[in-house]
**Student:** 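Before I ask anything, here is the structure I am working with.
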2 protein chains.
Amino acid sequence: MPRRPPALSVEPPRATIADVARAAGVHPSTVSRALNPDTRAMVTDAVAVRVAEAAEQLGWRPSMLAAGLRTRRSRTIGILVPDLVNPVFPPIVHAAEVRLAEAGYATLVANTDNDPDREAMMIERMAGHLVDGLMLASAAKGSQAVDLCRRRRIPTVLINRRLPGAEFSAVTNDDRHGMALAVEHLVALGHRRIAHLAGPSGISTAVDRRSGFRSAVRAAGLDPDLMPIMAADAYTIEAGRCAMERLLELGGFTAVAVANDLLALGAYDALGAAGLRVGPDVSVTGFNDMPFVDRISPPLTTIRIQHAEMGGRAAGLLLAAITEPATSRTDILLQPKLVVRHSTAAPEA
Amino acid sequence: MPRRPPALSVEPPRATIADVARAAGVHPSTVSRALNPDTRAMVTDAVAVRVAEAAEQLGWRPSMLAAGLRTRRSRTIGILVPDLVNPVFPPIVHAAEVRLAEAGYATLVANTDNDPDREAMMIERMAGHLVDGLMLASAAKGSQAVDLCRRRRIPTVLINRRLPGAEFSAVTNDDRHGMALAVEHLVALGHRRIAHLAGPSGISTAVDRRSGFRSAVRAAGLDPDLMPIMAADAYTIEAGRCAMERLLELGGFTAVAVANDLLALGAYDALGAAGLRVGPDVSVTGFNDMPFVDRISPPLTTIRIQHAEMGGRAAGLLLAAITEPATSRTDILLQPKLVVRHSTAAPEA
DNA sequence: CGCGCTTCTGCAATCGTTTGCAGAATTCGC
DNA sequence: GCGAATTCTGCAAACGATTGCAGAAGCGCG
């Protein structure tokens, strides 16, 4: 008496390895070995093809769940981004995806919405799915993310944002240098009073760019303490607008080096609302060179970071960490470059 | 002799339900019941708290793998998008995510890169992870996606794009009507010779907008066969530029209704290269009102689709399909609206 | 005090795969 | 042609949860 009901409907329930074994007249374990490329060599060719045919015939598909349960691996990588709507991230994610796909890993991306709780929840969820590794683009001060990953022993790399004490590899942009490029550009144009619109203080890119700003100003022979600085409380257009408004109240500058393109867009808004023209009246530099900032009005002078390189290198580091868990952390610092467009100009005489 | 090595290091391996059971002095099955909200009522309160404490103490986290293996559910939803770099999708995905999160579902998004093979691979992968449902924003002619989902019996909804014969619910935009809005606007401005830059022919949005274009032209008392039409072969800036160049060779129009904002950006490029000013010389309308098109130069007149609504409603439909698999397919058609900016103007006298 | 009825809890099978071990089959050398 | 060395293949025990079933308490009531 058959255990399964006949179920010879058009859609059989779902073939298991046992079904294949029965069809091929071998033991399930043999099927497993025949179908797994790594162990394929352990079985006779004749058996292997017979099994392969049976599997094909029955439309067998491996259950990652069951396999993962046993092997504790899933050939899947999780990517956590703070905000998918921010156009900086998709290119990074995409580059990582193609690199990982080459190595046979699928990627799952999750949005943390800049919310540490959601981030923790997502990490747990990813861990529950037994991801083989995690790429965190969402690192921020006060997040327990890296701690969770460490405790769960999930190979992890940080992208774009660093985290002070973390023992994980990171591939980031040279933010201090990038900001120096912006400042040097503005100084070369003749600006002497330059404001800085900084990012939220818990995020490494924000603090690095801020400190880079001060160093660069000093290097240019100017006094950083004379430069107005205002921090936005998120990397959003809205936050940029607010911060810029407060900066305008302070006054005393002819240019503003902004920590991020999204913030720069907000700055555009605030400047426009104050009746100032970006470029002629006050110069603005952004940071990231995210998609579309070359087409906005006026086109944004900004610091281009190597999005694709960042995603790709991070993927490589992660793959290395997975296959060779003992390797010590390695950091990669990518060099940005200045892209001059029309949001910057010489100050009025 | 203990089966597990002492491993009283700082990081115990990972508590299982059996460990919790031992600590609480009950049977594993009791732990399972106590910890699962649905079955929590089956055990005494005293036991439940004891178990909960033990679990907390040991840092127990459920293994979705193991649970899923048994229950065939994962409380996870997969979202497939054709191209994350296209800014239309992130807002839709985001809206879906919040709705699903409310219902206790986590989301995993995957990029198909407009590649049917990658799409199929991702669906298999998601199925392997036992996603409870799938949202497909990547539907295109010739894709086996829906067929796969049907065969695997995965509850599925289509977002943004329809698929002719599919038996799945879909929430889409009223593309024909949207295009009519654009045409009516151009006609009202005085245009009589209007070109259409269409999208790739395998995608429902492209064919609906194209047929909507012809209907609207006819409704305006003009002859659709006199209007130049050119299809791009992908929804990208580059494809838009190419198609626009070919349209310019044809000539004979004062305005062009473009099927998608990304294509419209390409059209901007081609027009600019030809020495024509968008707006004064030739009017351009886009479609989608994706982020940032309000800030480009000139700001794009376009058709706004309800991104958030779309993601949210699709999520709702999917949840319904999951809890009530028998419900028949229901389609939701969202109404777009015209947003007039500066890329359209009256034709020169 | 005993019986029947509830309410809890434990038992054991199950989900679909992988893998160490051992036995069977084959090959090879002499 | 026989024993040893080498392949293959089968067995069964995991992996970590869930759940139908049945036995054990706990309870009320006559």
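Scope of the values below: all heavy atoms of this structure, side chains included, with no hydrogens, waters or symmetry mates. Within every chain, numbering begins at 1; the chains are lettered A, B, ... in the order of the sequence lines, protein sequences first and strands thereafter.
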**Student:** Consider the side chain of A/T16, meaning its heavy atoms from C-beta on, and name the nucleotide among C/dT17, D/dT18, D/dC11 that approaches it most closely.
**Tutor:**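 Nearest nucleotide to the side chain: C/dT17.
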
**Student:** Look at B/R329 together with B/D331 and state whether they make a salt bridge at an N to O cut-off of under 4.0 Å.
**Tutor:**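 Yes, charged N to carboxylate O under 4.0 Å.
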
**Student:** Could you tell me how far apart B/H27 (NE2) and C/dA13 (P) are, to the nearest whole angstrom?
**Tutor:**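 These atoms are roughly 12 Å apart.
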
**Student:** Above 12 or not: heavy atoms from other molecules or residues under 6.0 Å from CD of A/Q144?
**Tutor:**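 No, because the 6.0 Å sphere around CD of A/Q144 holds 12 heavy atoms or fewer from other groups.
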
**Student:** Apply side chain to side chain contact (heavy atoms under 4.5 Å, CB included) to A/E53 and list each qualifying residue two or more places apart in sequence or on a separate chain.
**Tutor:**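 A/E53: no side chain to side chain contact (heavy atoms under 4.5 Å, CB included) contacts found.
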
**Student:** If only atom types and distance count, is the side chain of A/T76 paired as donor or acceptor with the main-chain N or O of A/S74 below 3.5 Å?
**Tutor:**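 Yes, A/T76 side chain to A/S74 backbone: donor-acceptor pair under 3.5 Å.
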
**Student:** What's the CZ-P distance between A/R22 and D/dG10, to the nearest Å?
**Tutor:**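 Rounded to whole Å, this separation is 14 Å.
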
**Student:** Ignoring the backbone of A/S63, work out which of C/dA12, D/dG10, C/dT17 is nearest its side chain.
**Tutor:**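 The answer is C/dT17.
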
**Student:** Quickly work out the B/L65 CG to D/dA14 C1' distance and round it to whole Å.
**Tutor:**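 Roughly 15 Å, once rounded to whole Å.
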
**Student:** At less than 3.5 Å, do the side-chain atoms of A/R70 and the base atoms of C/dT17 form a donor-acceptor pair?
**Tutor:**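 In this structure, the two groups form no donor-acceptor pair.
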
**Student:** To the nearest angstrom, how far is A/L35 atom CG from C/dT17 atom P?
**Tutor:**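 About 9 Å, once rounded to whole Å.
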
**Student:** Output all residues satisfying salt bridge (Lys or Arg N to Asp or Glu O under 4.0 Å) with B/R75, sequence neighbours left out; order by chain, then residue number.
**Tutor:**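 For B/R75 there are no salt bridge (Lys or Arg N to Asp or Glu O under 4.0 Å) partners, ignoring immediate neighbours.
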
**Student:** Using the side chain to side chain contact (heavy atoms under 4.5 Å, CB included) criterion, which residues pair with A/M64? Sequence neighbours excluded.
**Tutor:**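 Here the qualifying residues are B/R125.
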
**Student:** Who are the salt bridge (Lys or Arg N to Asp or Glu O under 4.0 Å) partners of B/R61, not counting sequence neighbours?
**Tutor:**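 For B/R61, the residues satisfying salt bridge (Lys or Arg N to Asp or Glu O under 4.0 Å) (neighbours in sequence not counted) are A/E124.
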
**Student:** So, OP1 or OP2 of D/dG16: does either fall under 4.0 Å of a side-chain N or O from B/W60?
**Tutor:**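 Looking at the OP1 and OP2 atoms of D/dG16, neither is under 4.0 Å from any side-chain N or O of B/W60.
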
**Student:** State whether A/S32 places a side-chain N or O below 4.0 Å from either non-bridging phosphate oxygen (OP1 or OP2) of C/dT18.
**Tutor:**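 For C/dT18, OP1/OP2 do have a side-chain N/O of A/S32 under 4.0 Å.
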
**Student:** For A/T71, report the nucleic acid contact type (base, sugar-phosphate, nothing); a contact means any heavy atom under 4.0 Å.
**Tutor:**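 A/T71: backbone/sugar contact only, no base atoms under 4.0 Å.
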
**Student:** Any chance CD of B/Q57 has more than 12 other-residue heavy atoms, nucleotides or ligands included, within less than 6.0 Å?
**Tutor:**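 No.
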
**Student:** What's the closest nucleotide to the A/L69 side chain, out of D/dG10, C/dT17, C/dG16?
**Tutor:**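 Nearest listed nucleotide: C/dG16.
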
**Student:** Using whole Å, what does the distance between atom P of nucleotide D/dG10 and atom CD1 of A/I17 come to?
**Tutor:**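 The distance from CD1 of A/I17 to P of D/dG10 comes to 13 Å, rounded to the nearest Å.
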
**Student:** To the nearest Å, how far apart are B/R61 CZ and D/dA17 P?
**Tutor:**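 In whole Å, D/dA17 P and B/R61 CZ are 12 Å from each other.
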
**Student:** Looking at A/R161, I'd like to know if its CZ atom is crowded, meaning that more than 12 non-hydrogen atoms belonging to other residues, nucleotides or ligands lie closer than 6.0 Å.
**Tutor:**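 It does: A/R161 CZ has more than 12 such atoms within range.
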
**Student:** Quick one, give me the B/S/- string for nucleotides 21-26 of chain D, reading 5' to 3', where B means a protein heavy atom under 4.0 Å from the base and S means that only happens at the primed atoms, P, OP1 or OP2.
**Tutor:** ------

**Student:** For B/D19 and D/dC15, what is the distance between atoms CG and C1' respectively, to the nearest whole Å?
**Tutor:**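 Atom CG in B/D19 sits about 13 Å away from atom C1' in D/dC15.
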
**Student:** In whole angstrom, give the distance that lies between atom CZ of A/R40 and atom C1' of D/dC8.
**Tutor:**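 It works out to 14 Å between those atoms.
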
**Student:** Could you check A/R73 against A/A66 and say which one's nearest nucleotide on DNA chain C is further toward the 5' end?
**Tutor:**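 Counting from the 5' end, the first nearest nucleotide belongs to A/A66.
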
**Student:** Tell me which residues in residues 43-55 of chain B lie within less than 4.0 Å of DNA chain D, going by non-hydrogen atoms.
**Tutor:**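 Of all residues in residues 43-55 of chain B, none places a heavy atom under 4.0 Å from DNA chain D.
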
**Student:** Within a 6.0 Å radius of atom CD on A/E167, are there more than 12 heavy atoms belonging to other residues, nucleotides or ligands?
**Tutor:**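 Correct, the count exceeds 12.
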
**Student:** Return the 5'-most residue of the pair B/V31, A/S29 with respect to DNA chain D, ranking by each residue's nearest nucleotide.
**Tutor:**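 Whichever sits nearer the 5' end wins; that is A/S29.
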
